[in-house]
Amino acid sequence: LAAISFGFPMVFLLISLGMGLSVAGSVLVAQHTGAGETRQAEYAASQTVTFAFIGSVLLGTVGYPFVRPFLEFLGASADVLPGATAYMQVIALGLPFMFGFFVFISLMRGAGDTITPMIVMLGTVILNVILDPFLINGWDVGFIAIPELGIQGAAVATVFSRSLAMIVGIGIMLSGSRGIQIHLADLTPDFQYLRTILKIGVPASVEGTGRALSINALLIVVGLFSTTVVAAFGIGTRVFSVIFLPAIAVARGVETMSGQNIGAGKYDRAEQANYLAAKGLFVILAFIGVVIFLVPRPIVAVFTNDTAVITEGTTFLRYVALSFGFIGIMRAFTGGFRGAGKTLVAATISVLTLAGIRLP
């Protein structure tokens, strides 16, 4: 638990650095789709795939040697460091596959198809869950022998399942059977078009990276305490992330609806989508927050039977639970800003609230 707690923020950081490319692709595809400009949407999608692959290879190659020093900087203790390092080194090498999968989801979402990525994601989750126990604990039945990889096995399962998902996703986009189509002829890097992608993508990367850096900085503070506290924090942030999946999903829906309606010149519908999402998320997440505030202990106990960790995790959840509704509002509107191409506004809000207020 403690090793994963240190590994997760670094995964988030690496993905956030390249997230801007997928956000830019999604926004460009949505706006061109809304304007009825199919050819421009397909070109935007193809170029996004190309530069996302190039960026992820560079990021993984540069990041791999710095995994251990970075985890040491975060404050990983001697008993946690080997596991966290092994986990993150596999993730760093698998970044191109993970990025490819995220780009597929973003481009399909920009075109308005959220069903196909959901089905592909479901398949990867099932595969990941099946592989995890065999790769983590090992398996030997005579004719098949899988070594015990420990926490590294969890990373291998994740990268392998995402790799298959990326291959399926690229195949779907090349066929043009669902959502958006990409063309082999359009995959040649167009560095002039890269400027268009970066204009939207860089602020989106700043938003994601700012969010990730604030979590990593927060982990430095948490790392000053015992392994029990670190493990509890890891559980708390995992519960936190699961609770906000609806908020992230709705925000992505707002991003697509804002982009397509703005592309079509229907600004009133874009506005309506933003306010409806903000109200709905506030009501739903505030209700969930109250429930978790009242009964946090059984939720933490799902992850561990260590009494001390459960006690610390319960404290964490009880403090953050009542903020859930307000974070839902923020998520909805930042999705709207991204859909409008105003990614710098979303980035400013994120950096100020997380790094400027929460961290101090």
Give a yes or no on whether [X] atom [atom1] has more than 12 heavy-atom contacts from other residues, nucleotides or ligands under 6.0 Å away.
X      : atom1 : result
Met257 : CE    : no
Asn305 : CG    : no
Phe97  : CZ    : no
Phe53  : CZ    : no
Phe160 : CZ    : no

Inset, instruction - May I have the step-by-step check of side chain to side chain contact (heavy atoms under 4.5 Å, CB included) for Val239 and Phe303, ending in yes or no? - result: CA-CA 10 Å; Val239 173; Phe303 295 87; 3.7 Å; yes

Once rounded to the nearest 0.5 Å, what's the spacing between atom [atom1] of [X] and atom [atom2] of [Y]?
X      : Y      : atom1 : atom2 : result
Asp268 : Lys266 : CG    : NZ    : 9.0 Å
Ile119 : Thr114 : CD1   : OG1   : 10.0 Å
Thr196 : Asp190 : OG1   : CG    : 8.5 Å
Ile327 : Thr353 : CD1   : OG1   : 9.0 Å

Flag side-chain contact, heavy atom, 4.5 Å: [X] against [Y]:
X      : Y      : value
Glu42  : Ile182 : no
Arg331 : Val250 : no
Val67  : Pro65  : no
Ile170 : Met166 : yes

Do [X] and [Y] have side-chain N/O donor and acceptor atoms under 3.5 Å apart?
X      : Y      : result
Glu255 : Ser26  : yes
His32  : Glu37  : yes
Asn274 : Ser258 : yes
Arg338 : Thr343 : no

Inset, instruction - Kindly indicate, with the supporting measurements, whether the criterion ring-ring contact (aromatic ring centres under 6.0 Å, His included) is fulfilled by Phe324 and Phe287. - result: CA-CA 9 Å; Phe324 286 0; Phe287 173 75; over 10 Å; no

Legend entry - Under 3.5 Å donor-acceptor, Gln47 side chain and Tyr193 backbone: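 Checked: no pair found.
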
Inset, instruction - For Thr256 and Gly112, indicate whether the former's side chain and the latter's backbone hold a donor-acceptor pair under 3.5 Å. - result: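 Judged by distance alone, no pair lies under 3.5 Å.
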
Legend entry - Check ion pair Arg39-Asp186 (N to O, under 4.0 angstrom):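 Salt bridge flag = yes for Asp186 with Arg39.
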
Inset, instruction - Could you walk me through whether Met330 and Ile349 pass the side chain to side chain contact (heavy atoms under 4.5 Å, CB included) test, one step at a time? - result: CA-CA 9 Å; Met330 188 184 77; Ile349 292 171; 4.1 Å; yes

Legend entry - Candidates Leu107, Ile200, Val23 - the one meeting side-chain contact (heavy atoms from CB on, under 4.5 Å) with Leu28: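 The single option meeting the side-chain contact (heavy atoms from CB on, under 4.5 Å) with Leu28 is Ile200.
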
Legend entry - Positive for side-chain hydrogen bond (donor to acceptor under 3.5 Å, both in side chains) with Asn261, one of Gln272, Arg269, Glu271: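 It is Arg269, the one option of Gln272, Arg269, Glu271 that forms the side-chain hydrogen bond (donor to acceptor under 3.5 Å, both in side chains) with Asn261.
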
